[in-house]
Amino acid sequence: MTEGQRTRPADAARRGRDNILIWQAALVVGLLAIWEICGRLTGADQVSSPSRIIRTIMVWLGGELYPHLFTTLGELACGMAIGCSLGILAGLVLGRMPIVSLILRPIIVGLYSVPLVTLAPLFIMFFGLDLLPKIVLVSMVTFFLLFFNTFTGAQQVDEDYLRTLDLMGASKFEQFRKVVAPATAVWIAGGIRIALPYALVATITGELLATRSGLGFLISRAAERFDMTSLYAVLLILMTIGLLLSEAALRLEHRFLRWRQVAE
Amino acid sequence: MAPPATQSAVVGTGATRLPGAVGSGSGPQSSLERFFATSAGRVGARLLLIALILLAWEYAPVARATRFWMSSPSAILGTLWDWLFDGTIWAHLESTLLVMSEGYVVGCVAGVGIGFLLGFFSRLSRVLAPLLAGFYALPKIALAPLFVILLGVDNSSKIALVAVTVFFLVLTSTIDGVREVDRNTVNALALMGATRTEIIRKVLIWAALPWIFTGMRLAVRYAFTTTLLAELIAANRGLGFLIELNSGNFNTTGAYAAIVVVIICSVLLTELLSRLESRMSHWVS
Amino acid sequence: MNDLTPARAVAADAGTPAAKIRLLCAEKTFQVRGQDIEALHPTDLDIRPHEFMALVGPSGCGKSTILNMMAGLMRPTAGEVLYDGQPVTGPNRRVGYMTQKDTLLPWRTTKDNIRIALELKSHATPRAEAEDRVRQMIELVGLKGFENHTPAELSGGMRKRAAMARTLIYEPETLLMDEPFGALDSQLKLLMLDQLQCLTQHRRMSVVFVTHDLGEAITLSDRIVVLSARPGRIRAIHDVKLERPRDVFKVRFTPAFSEQHERLWDELKDDIIKGTDV
């Protein structure tokens with residue numbers, strides 16, 4: 001294959017991508033324009049309009065948004081941190097105990113399928129209206145997802161690797177650090193990727209049910225006042241957060257997956 | 001010290017090349033371990049574990065206040081018993097299942113239809129991709145208040161929420177399924193002179209089916225969860241409402257009882273799905 | 001070697017070749033679906049200190065079983081395995097074991113895989129020195145240029161060499177190797193045999209070495225144990241009377257070598273022919 005032949009398909013692909021980008025831009029601009037026109041023509045609150053939404057967001061960015069943003073992200077981060085660390089720990093420990101894991105497996109699988117987010121009202125009843133119930137809810141949801149993934153990963157560690165290290169004189173702890181932990185890392189990263197959207201749902205659910213701040217609170221406040229512009233604005237912000245989180249989780253997983261991709 | 005897994009060392013090092021030497025030989029050492037290695041032993045251990053937890057829950061010597069918060073298995077069972085006969089459970093269950101199934105069907109039909117459309121017109125789907133990704137990443141539950149405003153507090157707002165959730169799951173798996181179809185088969189048919197519609201009818205739809213089923217199976221659980229969440233947030237019927245109502249009244253026993261119903265439902269749902277799946281996989285292959 | 005027991009020290013002083021590893025009536029039976037299958041007939045075998053011993057025989061003659069028992073990964077069904085006079089009951093940390101499967105950690109690069117033993121407390125090595133030894137080892141096994149590849153990116157032969165480097169780098173006093181050169185082409189194999197001989201002679205290691213290749217066995221060993229097909233039992237033990245140091249590249253063309261090869265082949269051929277049509 002000569003240089004010229006090799007570059008031609010790449011060129012075509014790039015041109016195709018550029019075309020797609022133009023189309024995407026056109027689509028977004030078109031949709032926004034139609035929305036704007038409809039909004040102006042009807043003047044109805046339900047429709048609102050992109051310009052009004054942008055204006056609301058700009059006003060919020062002046063200061064009002066940050067406490068709510070920090071509440072939501074703080075609950076998410078705390079809950080994830082607690083749930084992930086406990087889940088990983090429990091998964092690693094129980095996953096390396098063959099008999100215990102044999103006994104517990106079906107119980108865990110059963111619990112895994114239960115929609116734990118529905119415990120939200122219970123936690124609000126226990127822990128009040130502030131951050132605590134949401135943090136507990138998020139950590140509970142992420143705990144199970146991380147536990148299940150780590151547990152499965154830890155069980156599938158190749159015993160031959162452990163035996164090799166054992167003969168080299170590695171202590172149990174060293175075997176754990178050098179083999180079990182890195183072998184399970186891929187599963188953990190996958191677990192975090194799955195858990196993030198769940199955690200976001202749990203946070204928002206908790207905030208929609210009862211709260212005094214947070215993005216969920218902004219949504220319920222806007223809904224109570226029939227303030228559709230604010231409602232759309234929060235949804236837009238949430239969408240952005242969701243996209244950023246899923247992108248970050250994907251990158252994390254790819255980092256850990258690099259060696260495995262080559263293997264396949 | 002010698003691990004019970006020594007046999008896999010035999011296989012791993014290719015020691016003897018005896019067929020099926022795994023799980024033979026020395027095996028577990030203590031009699032307790034040998035007992036748990038049998039399936040009866042494992043089931044027994046599980047039942048024992050659950051019984052112990054329930055007993056501890058029931059008879060743990062705790063203060064009155066603590067007892068109020070943790071309730072007790074007997075009280076929960078009593079509430080469930082009452083609900084079973086005064087029809088409470090059935091009314092709420094019916095509402096939940098109705099919302100769930102209606103939203104599910106709407107979401108699936110729309111998801112498969114639009115998924116095929118976008119799968120066939122790959123340019124269109126590439127143009128729409130960022131938009132879809134954005135909606136995919138949005139926690140759908142945040143749409144609940146919007147739907148309530150637009151459609152009212154009754155079932156239609158919840159059905160819409162479930163349908164949207166299901167729609168995006170089924171949509172992505174359908175698009176993936178159509179895209180992953182073996183290009184060689186398509187090319188071979190095209191060389192035979194098959195028209196575009198013939199290729200779609202004869203190959204693409206069938207090849208995408210397993211993917212679609214996977215998405216639809218996954219969506220069942222999401223539909224269940226979303227229904228419950230929607231009922232938590234705004235409803236006057238359904239299992240989610242039952243949890244929310246009892247928690248709101250600080251009726252811990254009632255809240256636990258409602259959660260027990262949810263757990264039973266989700267376990268049954270899982271069981272049903274895995275049965276259906278094994279039936280399906282027979283049929284697909 | 002700060003853990004020399006008095007008994008061993010005396011033996012070494014007296015110059016008597018006490019056994020490094022000793023099988024005493026060791027036998028191994030596997031249960032396959034309730035049936036007992038005898039993999040190794042009760043066997044006595046001594047491996048002398050600093051000896052290079054090869055185990056040859058048809059497939060399924062219990063060669064790897066013997067190695068597994070010496071490494072303490074497998075207990076004999078009856079009888080005993082002694083190491084330095086002590087019964088082996090758990091994983092034997094005094095040996096380096098290179099199994100047939102290479103067990104390189106897939107998430108580590110070649111150089112990180114080779115270094116792993118030096119990261120452990122039992123072989124703790126300063127970072128700079130460890131780097132140095134890893135580099136030497138990589139050069140020794142000819143993996144220069146592949147330091148930063150993961151195992152999945154290496155060929156079968158390269159993986160074997162990486163596994164060997166990983167085992168040799170911490171210089172265990174005894175080396176157990178299960179067909180270490182199986183996947184190598186013949187040129188490379190000669191180079192590796194040369195390196196292995198240098199290293200083991202220099203460090204005065206005891207080596208037990210399973211192979212299918214009689215030439216390989218004669219080139220390297222002091223003694224060759226010929227095993228018979230299942231149930232494995234010792235058919236003969238041959239002393240290799242070739243002068244050390246041996247030139248790996250030329251020794252195979254000497255008359256003594258051919259004579260040894262012929263004797264071994266006569267011993268083995270019935271079993272091998274029997275083994276292949278099973």
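By convention in this document, chain letters (A, B, ...) are assigned in the order of the sequence lines, proteins followed by strands, and residues within each chain are numbered from 1. All values below were derived from every heavy atom in this structure, side-chain atoms included, with hydrogens, water molecules and symmetry-related copies excluded.
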Enquirer: Do A/Leu162 and A/Arg96 have side-chain heavy atoms sitting under 4.5 Å apart?
Expert: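 With C-beta onward as the side chain, the pair touches.
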
Enquirer: Give the member of B/Leu269, B/Val267, B/Ile259 that has the highest number of heavy-atom pairs under 4.5 Å with chain A.
Expert: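 Option with the top pair count is B/Ile259.
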
Enquirer: Who wins among B/Ala144, B/Pro130, B/Ala234, B/Ala258 for the most heavy-atom pairs under 4.5 Å with chain A?
Expert: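 Highest number of heavy-atom pairs under 4.5 Å: B/Pro130.
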
Enquirer: Tell me, with the steps shown, if B/Phe250 and B/Trp69 meet side chain to side chain contact (heavy atoms under 4.5 Å, CB included).
Expert: CA-CA 9 Å; B/Phe250 289 91; B/Trp69 290 117; 3.9 Å; yes

Enquirer: Is it the backbone or the side chain of A/Leu208 that comes under 4.5 Å from a heavy atom of chain B, or both, or neither?
Expert: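 Interface part for A/Leu208: side chain.
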
Enquirer: With respect to chain B, which residue among A/Trp23, A/Tyr198, A/Phe126, A/Phe226 yields the maximal number of heavy-atom pairs within a distance under 4.5 Å?
Expert: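 Most heavy-atom pairs within the cutoff with chain B belong to A/Phe126.
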
Enquirer: Who are the salt bridge (charged side-chain N to carboxylate O under 4.0 Å, His left out) partners of A/Arg52, not counting sequence neighbours?
Expert: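 Result, salt bridge (charged side-chain N to carboxylate O under 4.0 Å, His left out) vs A/Arg52: A/Asp45.
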
Enquirer: Parallel, tilted or perpendicular, judged at 30° and 60°: which one describes the rings of A/Tyr232 and A/Trp35?
Expert: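 A/Tyr232 and A/Trp35: perpendicular rings.
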
Enquirer: Checking heavy atoms, do the side chain of B/Phe68, its backbone, both or neither come under 4.5 Å from chain A?
Expert: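 It is neither, since no heavy atom gets under 4.5 Å.
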
Enquirer: Please report the interatomic distance CZ(A/Arg221) to OG(A/Ser213), rounded to the nearest 0.5 Å.
Expert: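 A/Arg221 atom CZ to A/Ser213 atom OG measures 10.5 Å (nearest 0.5 Å).
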
Enquirer: Evaluate the side-chain proximity of A/Leu116 to A/Leu119: yes if any heavy-atom separation is below 4.5 Å, no if none is.
Expert: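 The answer is yes; the side chains approach within 4.5 Å.
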
Enquirer: If we define contacts as heavy-atom pairs under 4.5 Å, which of A/Val114, A/Val201, A/Ile219, A/Ile103 has the most with chain B?
Expert: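 The residue among A/Val114, A/Val201, A/Ile219, A/Ile103 with the greatest pair count is A/Ile103.
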
Enquirer: Quick one: list whatever passes side-chain contact (heavy atoms from CB on, under 4.5 Å) with B/Leu273, sequence neighbours left out.
Expert: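 Applying side-chain contact (heavy atoms from CB on, under 4.5 Å) to B/Leu273 gives B/Arg217, B/Val220, B/Arg221.
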
Enquirer: First locate atom CE of B/Met100, then atom CD of B/Glu231, and finally report the distance between them rounded to the nearest 0.5 Å.
Expert: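 One gets 11.0 Å once the value is rounded to the nearest 0.5 Å.
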
Enquirer: Think B/Lys158 forms a cation-pi with B/Phe147, using NZ or CZ under 6.0 Å from the six-ring centre and within 45 degrees of its axis?
Expert: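 Pair B/Lys158/B/Phe147 does not count as cation-pi.
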
Enquirer: Quick check on the interface: out of B/Ile263, B/Leu146, B/Ile50, who has the most heavy-atom pairs with chain A under 4.5 Å?
Expert: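 Looking at each of B/Ile263, B/Leu146, B/Ile50 in turn, B/Leu146 comes out on top.
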
Enquirer: Is B/Phe224 close to chain A through its backbone or its side chain, or both, or neither, when contacts mean heavy atoms under 4.5 Å?
Expert: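 Only the side chain of B/Phe224 comes within 4.5 Å of chain A.
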
Enquirer: Relative to chain B, which segment of A/Ile107 carries a heavy atom at a distance below 4.5 Å: side chain, backbone, both, or neither?
Expert: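 Only the side chain of A/Ile107 comes within 4.5 Å of chain B.
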
Enquirer: Could you check which of B/Leu143, B/Leu228, B/Ile149, B/Leu131 has the highest count of heavy-atom pairs closer than 4.5 Å to chain A?
Expert: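 Ranked by contacts with chain A, first place is B/Ile149.
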
Enquirer: How long is the gap from OG1 on A/Thr203 to CG on A/Leu137, to the nearest 0.5 Å?
Expert: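 Rounded to the nearest 0.5 Å, the OG1-CG separation comes out at 7.5 Å.
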
Enquirer: What verdict does the side chain to side chain donor-acceptor pair (under 3.5 Å) test give for B/Arg179 and B/Ser125, after you've listed the backbone C-alpha separation in whole Å, the side-chain angles of each residue and the deciding distance to 0.1 Å?
Expert: CA-CA 11 Å; B/Arg179 268 201 208 138; B/Ser125 79; 2.7 Å; yes

Enquirer: As an exercise: rank B/Leu232, B/Thr225, B/Leu239 by heavy-atom pairs under 4.5 Å with chain A and give me the winner.
Expert: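 Highest number of heavy-atom pairs under 4.5 Å: B/Leu232.
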
Enquirer: Please look at A/Leu231 and chain B and tell me whether the side chain, the backbone, both or neither of the residue comes under 4.5 angstrom of a heavy atom of that chain.
Expert: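 The side chain, not the backbone.
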
Enquirer: Hey, which of A/Leu215, A/Leu27, A/Leu104, A/Leu31 has the most heavy atom pairs under 4.5 Å with chain B?
Expert: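 When all of A/Leu215, A/Leu27, A/Leu104, A/Leu31 are compared, A/Leu27 has the most.
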
Enquirer: Let's test your reading of the structure: which of B/Leu138, B/Val127, B/Val43 forms the most heavy-atom pairs below 4.5 Å with chain A?
Expert: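 Of B/Leu138, B/Val127, B/Val43, B/Val127 has the most heavy-atom pairs under 4.5 Å with chain A.
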
Enquirer: In terms of heavy-atom pairs under 4.5 Å, which option from A/Ala25, A/Ser220, A/Gly216, A/Pro106 contacts chain B the most?
Expert: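 The option with the most such pairs is A/Pro106.
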
Enquirer: Select one option (side chain, backbone, both, neither) describing which atoms of B/Thr270 are under 4.5 Å from chain A's heavy atoms.
Expert: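 It is the side chain, since no backbone atom gets that close.
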
Enquirer: In terms of heavy-atom pairs under 4.5 Å with chain B, which of A/Leu200, A/Ile124, A/Leu244 leads?
Expert: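 Among the listed options, the one with the most contacts to chain B is A/Leu200.
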
